[in-house]
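Here is the structure we will look at, set down as structure tokens.
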Amino acid sequence: MTQSRFSYLQAFPLFAIMLVFLVIPTVMIVAVSFWDYNAFSIIPDFIWDNYDFLLTSSVTWRAYGTTFFYALTSWALTLVIGFTAAYYMAFHLRTTKSQTICFLLATIPFLTSNIIRMISWIPLLGRNGLVNQALLSLGLIDNPLEFLLYSDFSVILAFVHLYTLFMVVPIFNSMMRIDRKLIEAAIDAGASPVQVLTQVIIPLSKSGITIGTIFVFTLVMGDFITVRLMSGGLSASVGVLIYNEITLLQYPAAAAGAVTLLLTVLMMLAILFRFANIREDL
Amino acid sequence: MVKETKKGGKMSRRSFLGKAAVATAAVAAAPVITGFPTVWAQNIKNIKLRQFGTGTASVNAIAEKVKADLGFTIEMTALDSDAVVQRAVTQPKSYDIADIEYWVCKKVYPSGVIQPMDTSKIKLYDKISPLFKTGQLTPGADIAQGTAPHTVGFVEKNEDTAFAKRETQWMTLIPTIYNADTLGIRPDLVGRPITNWRDIMDPAFKGKTSILNIPSIGIMDAAMICESMGVIKYGDKGNMTRDEIDKTIEVLKKAKKDGQFRAFWKSFDESVNLMSSGEVVIQSMWSPAVAAVRAKGIPCKYQPLEEGYRAWGGGLGIARHLSGLELDAVYEYFNWYISGWAGAYLNRQGYYSAAPETSKQYMSENEWGYWMEGKKASADIVSPEGVTMEKKGAVRDGGSYDERMGHVACWNSVMDENKYMIRKWNEFIAS
């Protein structure tokens, strides 16, 4: 009895922090999403208008389409690149020292801020940027490539660049736990390298892949700054719409957008969690 | 509410002590107090006024000069236009002076966070440009469309939150800064003369144009373009009907689909980068952004257009919670602002001073001729920071003050259908 009371006491600080900084604000956002507003004030009320407009507007559906497109493409690319990098680090680097060095090298970009790493692509990809200049001087193209910047290409490039490490870390983590004897046993039993990969390593890294997927998905779904900067404001994701509404003082509409996005992401997470036992793997 | 009363009480007590002390101090320290301050000099040193606004007018040089001339401290915070509205309305206790634009004032003032000022306490009131009192630069001139400053410049009485139809004793904002905006171009890359707003839609510039993504301003630029193209005739560009908004957005959407735009910009730096990197050759732009591109040695022109300019103006408003000595200091500051030094500073950056006359004495004949009269520079034009902006012999784009401010077609505005317009604008951005 005293023991359980003591454990409640231990959990209380975190509970209090979560209550004040997560639960209460979320409840407020939900409440505000039903309020009315005009150009300069928000009016406490209970109306469905915000959701009504949000869910029936083609803009929302198109923004969700764009957002899912970004999320899925970035996910697929970060998965392939992240898996390959993690595989190399886990199975080809023999010593813990070289693994650590490789890992530290991968984290170097994180010493500068997200936005700066993103913005530095702009002079590289622009019409008169380094890439175009190099291609032109090599005679590979006659006119500068326009799709490099302010396009879906540049948005996804930035996402992949920013979030691949979030894939590498959990996959590497779960790969390191694979008992090497299993791989030897598979080879002894006559499995080809592809069979080892698909039937031993991938299933055993599943939880790492799922955790990486959760990271990439939630980050891309909620992003607005990457989309705005890298698409030159030409594309709008759900995050961009919410951001626009906030800057225009339309808090109730923004709150409705945020609640809808939150529910969408939660549903996706509920599905993803079926693939991983997160308590065991973190 | 309770807190406010308490504070008010404290203030008036302090100001009473202040006033009592002035009498003594005036005798004792009369030679020390010179120039502007009429508020007690020792007390005023402890005053710190928090001012916030867009980057255009929140310049540290002005705060430094205020400290030197008046003795008190102005703490400047610069934000973007959207953030200014947010902060003004949602955190009224976080500032003492709000530097806001007139079109924003239409949103901010009715929320009750700003107190109007008594014009009888503004000594140089009659030097303020008539644009801010009647909307006419010269008597009989046309009043431009949109939220012209004089329409949101006055209220009937101190407590009113609705605007007065005419000039009264209570002014909502003290005007400080204004300008006439037009398109910026890269003369070396456009390859032909640009004369009209519709030129931005010329297929020859496909993928090389940009407009700004601040809905209230962007829609006005779009309206100038549509009217110039001859596809829409507006009743009032600054207050469109739903039908006019729909049509305007359709034109924009089509242009976007056809790949006319390279990007949309939201901040000053973004517009400078787009232009200087050659990503765009023609775009809506602000005057100092053009100067910033030119400062990099890249040719850029602030192109006057046949249909006229889209103008904007800004001013300083007093937070509702201010009273007593601090309020006196604010009046002191406002009187100083329109007395010339600040005006000359703004004029030299390409903006205009609210009281042009007073700033003349702080500018050289060459500077006044170049910036205000459209004359050839008789010597190099140097920025307030000491950088050479124009060589001898240069003429300002758009000519003299009267030529520019006399050709304003509309002012930045907030429409009655604002909510609808923003929804449609989002639709355009997401399309």
Side-chain angles (χ1 to χ4, degrees), chain A residues 36-42 49-50 53-54 57-67 119 122-129 132 143-144 146-151 154 225 227-238 240-254 257, chain B residues 80-90 104-113 161 206-208 210-216 218 256 259 261-267 269-270 273-274 276-281 414-431:
Chain A
D36 198 2
Y37 64 96
N38 58 29
F40 48 82
S41 56
I42 55 176
D49 190 51
N50 299 319
F53 175 77
L54 185 79
S57 160
S58 61
V59 181
T60 316
W61 296 107
R62 219 171 307 132
Y64 268 92
T66 318
T67 312
I119 287 179
I122 293 175
L124 210 65
L125 298 175
R127 182 176 285 137
N128 304 311
N132 270 324
N143 289 310
E146 305 263 317
F147 76 89
L148 287 178
L149 187 60
Y150 301 136
S151 59
S154 56
I225 195 78
V227 175
R228 191 172 86 68
L229 288 177
M230 297 307 288
S231 78
L234 293 173
S235 314
S237 67
V238 181
V240 171
L241 289 192
I242 296 173
Y243 172 74
N244 280 349
E245 272 153 355
I246 290 173
T247 56
L248 299 165
L249 280 183
Q250 308 193 334
Y251 290 121
Chain B
D80 65 64
S81 321
D82 290 334
V84 165
V85 189
Q86 268 186 61
R87 172 123 175 228
V89 176
T90 57
V104 168
C105 180
K106 196 172 171 185
K107 282 201 220 180
V108 173
Y109 191 82
S111 65
V113 293
T161 49
K206 189 177 159 186
K208 294 180 178 176
S210 173
I211 58 171
L212 78 174
N213 181 14
I214 299 174
S216 309
K256 186 182 173 191
F261 303 118
R262 180 65 169 148
F264 302 129
W265 60 267
K266 201 152 189 166
S267 70
D269 329 15
E270 278 178 296
N273 289 336
L274 283 174
S276 53
S277 64
E279 294 294 336
V280 306
V281 298
V414 176
M415 308 180 184
D416 296 338
E417 291 287 358
N418 187 45
K419 198 164 151 180
Y420 183 76
M421 188 277 286
I422 286 164
R423 281 180 175 178
K424 294 302 279 186
W425 184 270
N426 270 340
E427 205 174 284
F428 156 58
I429 295 297
S431 72

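In what follows, chains carry the letters A, B, and so on, assigned in the order in which the sequence lines appear, proteins first and then strands, with residues in each chain numbered from 1. Predicted, not measured: the structure shown is a model, and the values here were computed from it.
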Nearest-0.5 Å distance that lies between atom [atom1] in [X] and atom [atom2] in [Y]:
X	Y	atom1	atom2	result
B/Lys266	A/Tyr243	NZ	OH	5.0 Å
B/Ile429	A/Arg228	CD1	CZ	10.0 Å
A/Asn244	B/Arg423	CG	CZ	14.0 Å

Looking only at heavy atoms, which two atoms of [X] and [Y] are closest? And how far apart?
X	Y	result
A/Leu149	B/Glu279	CD2-OE2, 4.0 Å
A/Leu241	B/Ala430	CD2-CB, 4.5 Å
A/Leu229	B/Glu270	CD2-OE2, 3.9 Å
A/Gly233	B/Phe264	O-CD1, 3.1 Å

_Check: A/Glu146 main-chain N/O paired with B/Arg262 side-chain donor or acceptor under 3.5 Å_ = yes
*State whether the side chain of B/Lys419 and the backbone N or O of A/Tyr37 hold a donor-acceptor pair below 3.5 Å, judged by distance alone.*
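Answer holds: yes.
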*asked:* Given heavy-atom pairs under 4.5 angstrom as the criterion, report whether the side chain, backbone, both or neither of B/Leu274 touches chain A.
replied: side chain
*asked:* Just so I know, are the side chains of A/Arg62 and B/Ser431 near enough to count as touching, which here means a heavy-atom distance under 4.5 Å?
replied: yes
*Does any heavy atom of chain B fall under 4.5 Å from the side chain of A/Ile122, the backbone, both, or neither of them?*
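Looking at A/Ile122, nothing touches chain B.
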